[in-house]
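What follows is a set of notes on a single structure, which appears directly below.
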Amino acid sequence: MLKKITRTVVIGSGCAGLNAADWLYDLGERDFCLVTENLLSGTSRNTGSDKQTYYKLSLAGDTDDSVGKLARDLHYPDVNGDTALCEAASSAKCFFKLAKLGVPFPQNDFGEYVGYQTDHSLFPRATSAGPLTSRFMTEALEKSVKEKNIEILDHSLAVRILTDENGVCGLLCLKTDTGEWLKIDCAHVILCTGGPAHIYRDSVFPESQQGMSSLAFEAGAEGANLHCWQYGLASVSFRWNVSGSYQQSLPRYVSVDEKGVEREFLLDALDERDMLHRIFLKGYQWPFDPAKAEGSSFVDILVKRETDLGRRVYMDYRRNPTGFSPENLSEEAHSYLKNCGALQNLPIERLRAMNAPAIQLYRSHGIDLEKEMLEIKVCAQHHSGGIAVDANWQSCVPGLYVCGEAAGTFGKRRPGGSALNSTQVGSLRAAEHIARDSMRLPRESAAEVKLPILPAGDAEELLREMQADFSRHAAFMRNPEGMKKIMARCEEILGNSLEASLDDPQLPARLRLKDLCITQKNIISAMLLDLDAPGDGVIYTSNGNSHLRAARPLPDRDLWFERVWKKQLEKPMRLK
């Protein structure tokens, strides 16, 4: 077994992980490393939407915005106030860092970073660098990390966080390039492995994104709001969100049965004018929202009904939906398209007028929207819950920090784009806390590490079965009896186990299956509680058991300059 000792380990190479490593260095830390299964994989680098949104404090125009207002808008009854305040307070700091690193957020002639309104927000706080905003962020942060010669251990799959009575004491990894175990003795772990992407079959997460939330659960961490997911329409042959201009260009929705017969199925339940308006609204009300089940989200329900019946559903940009004409549009839709210069005759022409790169994006992946229809489903897109953290993004396990989508800092009504802000603020807060923590030091352990106990059987087949069942029973439409059967199946699979072996060709799949079963079991526990006893507050989950607690309130904070200045002079932050 290979061995290494270092003070801090960052797990993950997306926006959160790279930012954590970058900030640790800037705050004076040198004894740390970043481990990743694959530097080029993950959601941050490989996903996006029509114009991927970054949500932060308003930085343009005459909008009467403030840190306090942003914090209050993030602090729903199921969101903790301290993390909401931190995400609001540091949003501008983190945004300007990205801009300085070269992420091309648009500015007007006077230097204002202009914005727009996104879902679940009444302020124009959103901005975008285009369909690949998170990729630009990742590449900019990676460049900064490499320029600082920060140690990156690629091809290292984290499989267990080691703990003792004082919290984190190490990390066990599988070196996938050499087929060896690596044990790292450390005092801190910053877990930035993204959301549990592989638990669903119908998913818009890139196939390179897996997640590893079970690392935290096995170490003793709690989940928070694990039942809160964001679902929306996405293409399936190339996984991509069809939000924004993909909807506002008003494509024709059709389903195709086993005989190849096309049908504009939305007209089974809607008249022409209502159909056009709901399709348009899907642009900025893209996530499924139970509160809009009779409005724009009714489109998701109708799509799901068709796919459950075995039909394939498509968006067609070559032809107009029945009843399309400028005169038949709602005032909102007509005004928007007119302002965008997008009242052309066909959907593809309207899409090109609003967002030509959106067409090129699909063409670069072998899909020509001018010549073929785009197959879609309602897919899991983002986990708004995750591992419970405090205002420093530390879990209940001392030394274990969780940042990015793996952290449970959101609830059911997350403003669109706020996840990207959270990757930056959470990793900053964790790095700052570690830099101030001079007491936790790594110590070399001579104790033999027990290898993981993993599920037996055909792991790859079981993965496919469990993913399909989760999409069928535990997505945006949930079946309690079906979910209980999944939970029982998870217990059965975890109970039929064997010791991990480097000679096992299915070792990576067994590790994934164990992670899937532990994570699905905890998520279903939260989902069942939410269905049985819904209420205001945060649902916390530990070892498959869930309970509801009131969200932590927005904290009182000191806004008197001289007192805050004096405190900072007494405890200066190290900067090198």
Side-chain angles (χ1 to χ4, degrees), residues 10-27 29 32-57 59-60 87 90-108 111-115 125-154 190 192-194 206 208-209 240 357 360-361 364 382 393 403-407 416-432 575-576:
V10 179
I11 307 174
S13 54
C15 290
L18 290 168
N19 194 54
D22 198 57
W23 272 115
L24 282 170
Y25 187 96
D26 286 350
L27 294 168
E29 295 292 302
F32 69 95
C33 67
L34 183 148
V35 304
T36 178
E37 183 182 6
N38 185 335
L39 184 62
L40 301 181
S41 67
T43 296
S44 298
R45 195 182 296 266
N46 297 290
T47 195
S49 59
D50 76 312
K51 56 178 187 291
Q52 193 179 19
T53 297
Y54 191 107
Y55 185 78
K56 44 89 185 107
L57 192 70
L59 297 172
E87 291 188 352
S90 293
S91 72
K93 177 179 181 178
C94 291
F95 174 80
F96 283 125
K97 173 185 174 178
L98 292 170
K100 183 179 179 181
L101 289 177
V103 179
F105 295 111
Q107 295 174 268
N108 66 16
E112 294 174 289
Y113 286 95
V114 296
R125 294 170 175 145
T127 187
S128 174
L132 304 176
T133 302
S134 64
R135 178 181 294 183
F136 294 154
M137 291 166 58
T138 306
E139 291 171 346
L141 290 164
E142 179 192 353
K143 181 174 182 287
S144 182
V145 163
K146 287 184 173 179
E147 286 174 348
K148 294 167 182 171
N149 293 315
I150 292 170
E151 183 178 16
I152 298 175
L153 302 180
D154 203 353
I190 306 179
C192 307
T193 51
S208 64
Q209 166 66 14
W240 204 256
Q360 181 56 39
L361 175 75
S364 69
H382 182 87
W393 269 249
C403 306
E405 192 179 347
S418 56
L420 290 183
N421 177 59
S422 185
T423 66
Q424 302 305 283
V425 174
S427 48
L428 164 64
R429 296 285 298 184
E432 287 178 334
L575 288 172
K576 293 185 180 178

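Heavy-atom basis, side chains included; hydrogens, waters and symmetry copies ignored.
Of the possible donor and acceptor atoms, none in the side chain of Glu142 sits under 3.5 Å from a partner among the backbone N and O of Leu18. Asn46 places a side-chain N or O within 3.5 Å of a backbone atom of Leu40 that can act as its donor or acceptor partner. The closest donor-acceptor contact from the side chain of Ser422 to the backbone of Gly404 lies at 3.5 Å or more, if one exists at all. Checking side-chain atoms of Asn421 against main-chain N and O of Lys56 turns up no donor-acceptor pair under 3.5 Å. Not one N or O on the side chain of Asp22 forms a donor-acceptor pair closer than 3.5 Å with the backbone of Leu141. Although no hydrogens or angles enter the test, the distance criterion places a donor-acceptor pair under 3.5 Å between the side chain of Ser44 and the main chain of Cys15.
Under a 4.0 Å N-O distance rule, the pair Arg125/Glu87 does not qualify as a salt bridge. We find that Glu147 and Lys143 are joined by a salt bridge, their nearest charged nitrogen and carboxylate oxygen being less than 4.0 Å apart.
Applying the side-chain contact (heavy atoms from CB on, under 4.5 Å) test between Tyr54 and each of Cys94, Ser418, Ser134 identifies Cys94 as the sole match. None of Val114, Leu59, Thr127 except one satisfies the side-chain contact (heavy atoms from CB on, under 4.5 Å) rule with Phe105; the exception is Thr127. When the options Ile11, Val35, Thr36 are evaluated for a side-chain contact (heavy atoms from CB on, under 4.5 Å) with Leu153, the one that passes is Val35.
Listed here is the closest heavy atom pair of Ala126 and Thr53: CB-CG2, 3.4 Å. Across all their heavy atoms, Ala431 and Trp23 have their closest contact at CB-CB, 3.7 Å. Closest non-hydrogen pair, Gln424 versus Asn19, comes out as O-ND2, 3.1 Å. Of all heavy-atom pairs between Ser208 and Gly42, the closest is OG-N, 3.2 Å. Considering all non-hydrogen atoms of both residues, Pro357 and Pro131 come closest at CB-CG, 4.5 Å. Annotation for Leu420 and Thr423: closest pair O-OG1, 2.6 Å, computed over non-hydrogen atoms.
Legend: residues meeting salt bridge (charged side-chain N to carboxylate O under 4.0 Å, His left out) with Glu151, ordered by chain and number and at least two apart, are Lys4.
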| query | Could you go step by step and tell me if Lys148 and Asp26 meet the side chain to side chain contact (heavy atoms under 4.5 Å, CB included) rule? | reply | CA-CA 9 Å; Lys148 294 167 182 171; Asp26 286 350; 2.8 Å; yes

| message | Under the criterion side chain to side chain contact (heavy atoms under 4.5 Å, CB included), I'd like the reasoning laid out for Arg45 against Leu39: C-alpha separation, chi angles, the key distance, then a yes or no. | response | CA-CA 9 Å; Arg45 195 182 296 266; Leu39 184 62; 4.3 Å; yes

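Side-chain contact check for Phe32 versus Ile150: some heavy-atom pair is nearer than 4.5 Å. Within the 4.5 Å cutoff, the side chain of Lys97 has no heavy atoms near those of the Leu428 side chain. By the 4.5 Å heavy-atom criterion applied to side chains, Thr47 and Gln52 are counted as neighbours. Counting only heavy atoms from C-beta outward, the side chains of Pro206 and Thr43 approach each other to under 4.5 Å. The side-chain heavy atoms of Leu34 and Val145, taken from C-beta on, include no pair separated by under 4.5 Å.
With rounding to the nearest 0.5 angstrom, the CD atom of Glu37 is 9.5 Å from the OG atom of Ser13. Distance check: Phe95 CZ to Leu57 CG gives 10.5 Å after rounding to the nearest 0.5 Å.
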